[in-house]
Amino acid sequence: MKKRFFCSLIAALAVVTPMWGGVAINEKIKDSGEMAGYLFVYFTGNDPRDESINYALSRDGLNFKALNDNAPIVDSKLISETGGVRDPHILRSEDGKEFYMVATDMTCNKGWDSNRGLTLLKSSDLVNWTPSVINIQKRYKGNEDLKRVWAPQTIYDKDAGKYMVYFSMKHGDGPDIIYYVYANDDFTDFIGKPKPLFIPQNKKSCIDGDIVYKDGEYHLFYKTEGDGNGIKKAVTKKLTSGKWTEYPDYKQQTKYAVEGAGTFKLIDSDKYILMYDVYNRGAYQFTESTDLENFRNIDSEVSMDFHPRHGTVIQITEDEYQRLEKAFPSADVKIANPVLPEFHADPEILLSANTGKYYIYSTTDGFPKWGGTYYTCYSSDNLRDWTYEGVALDASTESIPWAEGNLWAPAIEEKMIDGKYKYFLYFSAKPKGSDAKQIGVAVADSPTGPFKADTMAMITKSPAGRGQQIDVDVFTDPVSGKPYLYWGNGYMAGAELNPDMKSIKEETITVMTPEGGTLQDYRYREGPYVFYRDGKYYFMWSVDDTGAANYHVAYGTSDSPLGPITVADRPIVLIQNERNGMIGTAHNSVLQVPGNDGEADRWYIVYHRINPDYKAKENGPGYHREVCISPLKFNPDGTIIEVNPKRVN
């Protein structure tokens, strides 16, 4: 069982179609007993792939578990102008029927003074979101010297009867000032121009405003940016009055710099939580208060299986809790990369219908000039813990009568034939007496082997007149039930397999190499892989040289298992994260794990990385590779969210 979400947002204001995917709770339902848990919305880091919207759930508001394998619930490139979003804030509407989210439209790798806008999102179910992007500099005249727009939040202004969006802005050499503007009824645009909401008496910078309404007063928590870098509080009875009572003391319960205040009330309790990002320490601190004035550190009572950055929490109902669990399921275990010991490459993964286990077959690495002669097999019940099952196939023995070495890049298929499971292991090898690689197949009655190859190779020459016959992939079309084989270095070819799974229908051979691209995006090199999802055939391939840190995965889609392939607008699926020690991340397979009890299916990409200790060319990076696994996520339109490879998922 090997199975394989829009538009350019460059206008000053753009509204797009619904997508997937301050801390006041509606007075009518607050503390009513209808609330059953908490949703934490946050981003995770300064890499553009971490500047995103992530979800976590909690039953008690203190112990949170990440949803969606701590991956973004939607691709930031589809909801922003810059390609990233930070500091997400979420609010339930006054009637309880809608949710509003706002976020900084920014990627910090372009500079802390690089962003000019924010993103508005609206949802009725917390899963599907409609985004609107507002670039303040383009939207309003007189902002030519605008440097940055940070950390928006939303609150219902009871006096105005409207939703207020407030955020900090810095113009020229002036301080950061918290401004406000009202949203329209659709939460897609602003009404009027931004006006100052709060300027501290010392006229210094203030950012990251977080407003809580309690006992007829609005409590504003804010960061003293560049002047103490802590959280202070100001209070007013009317949001737009300009009259604020400022409190001189800092509210954080740490000596370290903090930012990103987020305040929420615990269910059926008089306690409030003030949390914040201890950003220079990689920590997130929770404090508790009943009066929003005096706070105590409760770190010992808090747990999270993720590392959040600046986020917010709201109360949610039982129905909402369960809906989010099903829409964004997470694996029960953490996967630490690399998953296999020693050096392995070009991994192929199988979820066996026969045994219920996962199996990985791979090129045995660590030999100069890719001289490995055998495939190993590892099995697992959970994708984290792997057991060595032995050598599955060895080209240095008589198990492949026609070959003598260089066993590369396997592919596996499990088939039920005459009531029994058979396993077909496709491979490329060096034939006896020749250096021209050829493709063959070996068969076994067990996923662990022993496998025995046919006496002759299946594919001996290039249908494109160039390249090598390596990097085979096998795919059974769930629509027609027909099996297909794909292969090629320097070209991509595909053909339908005969029912015996040991030969191809010569008349169906199709050269389907994706055309164009560069080494920075999608120029085809090798390693084709095919899977099917929601009516589309996905084609993946590797770009650049296997010994290059830039070695990465690109993709396209088709309406047919033999193409033609349409390269995705954003074609990169997986590319290096050098800071995490993940380089040369490519040559992949894909795993689909069916969901249970209405849960969405979970998808994973299995690939190799170059061991960073061998990244120098003289150390042979191309044959010191290790197998890794990362979650694979999709946008609602079927496009793939770029994977951020990490040591721990």
With rounding to the nearest 0.5 angstrom, report the [atom1] to [atom2] distance, [X] to [Y].
X: Met582; Y: Glu626; atom1: CE; atom2: CD; value: 9.0 Å
X: Met458; Y: Ile439; atom1: CE; atom2: CD1; value: 8.0 Å
X: Asp473; Y: Met492; atom1: CG; atom2: CE; value: 9.5 Å
X: Asn580; Y: Asn644; atom1: CG; atom2: CG; value: 6.5 Å
X: Leu383; Y: Ile360; atom1: CG; atom2: CD1; value: 7.5 Å
X: Leu340; Y: Ser362; atom1: CG; atom2: OG; value: 6.0 Å

Between [X] (side chain only) and [Y] (backbone N and O only), is there a donor and an acceptor less than 3.5 Å apart?
X: Tyr623; Y: Gly372; value: no
X: Ser380; Y: Trp386; value: no
X: Ser352; Y: Asn354; value: yes
X: Glu51; Y: Cys108; value: yes
X: Arg309; Y: Thr44; value: no
X: Trp370; Y: Leu407; value: no
X: Ser560; Y: Ser558; value: no
X: Trp541; Y: Thr513; value: no
X: Ser330; Y: Ala66; value: yes
X: Arg609; Y: Gly581; value: yes

For [X] and [Y], which heavy atoms make the closest approach, and how far apart are they?
X: Gly638; Y: Tyr538; result: O-OH, 2.6 Å
X: Asp471; Y: Ala409; result: OD1-CB, 3.4 Å
X: Ser630; Y: Pro645; result: OG-CA, 4.1 Å
X: Ala345; Y: Val627; result: N-CG2, 4.4 Å
X: Gly83; Y: Asp105; result: N-OD1, 4.4 Å
X: Tyr537; Y: Pro561; result: CZ-CD, 3.7 Å

Modelled atom types, side-chain donor and acceptor of [X] and [Y], under 3.5 Å:
X: Glu389; Y: Ser379; value: yes
X: Asp50; Y: Ser52; value: no
X: Asn46; Y: Arg86; value: yes
X: Tyr359; Y: Glu414; value: no
X: Ser428; Y: Gln469; value: no

Quiz item: Do any pairs count as a salt bridge (charged side-chain N to carboxylate O under 4.0 Å, His left out) and have a residue in residues 496-517, sequence neighbours left out, and if so which ones?
Solution: Asp454-Lys502, Glu496-Lys505
Quiz item: Which pairs with one or both residues in residues 518-529 pass salt bridge (charged side-chain N to carboxylate O under 4.0 Å, His left out), sequence neighbours excluded?
Solution: Arg525-Asp545
Practice problem: I would like to know whether Asn68 and Asn70 meet side-chain contact (heavy atoms from CB on, under 4.5 Å); could you show each step before the answer? | Solution: CA-CA 5 Å; Asn68 209 41; Asn70 198 32; over 6 Å; no
Just so I know, are the side chains of [X] and [Y] near enough to count as touching, which here means a heavy-atom distance under 4.5 Å?
X: Val441; Y: Leu425; result: no
X: Leu78; Y: Arg570; result: yes
X: Leu497; Y: Ser503; result: no
X: Gln468; Y: Trp408; result: yes
X: Pro338; Y: Arg647; result: yes
X: Ile417; Y: Phe424; result: yes
X: Asn337; Y: Tyr607; result: yes
X: Met512; Y: Tyr486; result: yes

Under 6.0 Å between ring centres: does that hold for [X] and [Y]?
X: Trp402; Y: Phe427; answer: yes
X: Tyr614; Y: Phe343; answer: yes
X: Tyr42; Y: Phe306; answer: yes
X: Tyr375; Y: Tyr361; answer: no
X: His587; Y: Tyr529; answer: no

Exercise. Please assess Tyr522 against Thr518 for the test side-chain hydrogen bond (donor to acceptor under 3.5 Å, both in side chains), listing each intermediate value before the final yes or no.
Key: CA-CA 6 Å; Tyr522 66 89; Thr518 70; over 6 Å; no
Quiz prompt | Greater than 12 external heavy atoms within 6.0 Å of Lys536's NZ | solution = no
Salt-bridge present ([X], [Y]; N to O < 4.0 Å):
X: Glu642; Y: Lys77; answer: yes
X: Glu578; Y: Lys615; answer: yes
X: Arg625; Y: Asp365; answer: yes
X: Asp601; Y: Arg533; answer: no

Quiz prompt | Result of checking Asp394, Thr364, Thr363, Leu393 against Thr376 for side-chain contact (heavy atoms from CB on, under 4.5 Å) | solution = Thr364
Quiz prompt | Residue that, paired with Tyr358, satisfies side-chain contact (heavy atoms from CB on, under 4.5 Å) out of Leu350, Asp381, Leu591 | solution = Leu591
Practice problem: Using the side-chain contact (heavy atoms from CB on, under 4.5 Å) rule, take Leu67 and Ile73 through it: C-alpha gap first, then chi angles, then the decisive distance, then the call. | Solution: CA-CA 9 Å; Leu67 291 177; Ile73 64 157; 6.0 Å; no
Quiz item: Under the salt bridge (Lys or Arg N to Asp or Glu O under 4.0 Å) criterion, do Lys633 and Asp75 qualify, and how do the steps go?
Solution: CA-CA 9 Å; Lys633 304 298 180 180; Asp75 192 340; over 6 Å; no
Quiz item: So which pairs with a foot in residues 430-443 pass side chain to side chain donor-acceptor pair (under 3.5 Å), sequence neighbours left out?
Solution: Glu404-Lys430
Quiz item: Please walk me through it: do His344 and Tyr378 pass ring-ring contact (aromatic ring centres under 6.0 Å, His included)?
Solution: CA-CA 11 Å; His344 302 269; Tyr378 284 81; 5.6 Å; yes
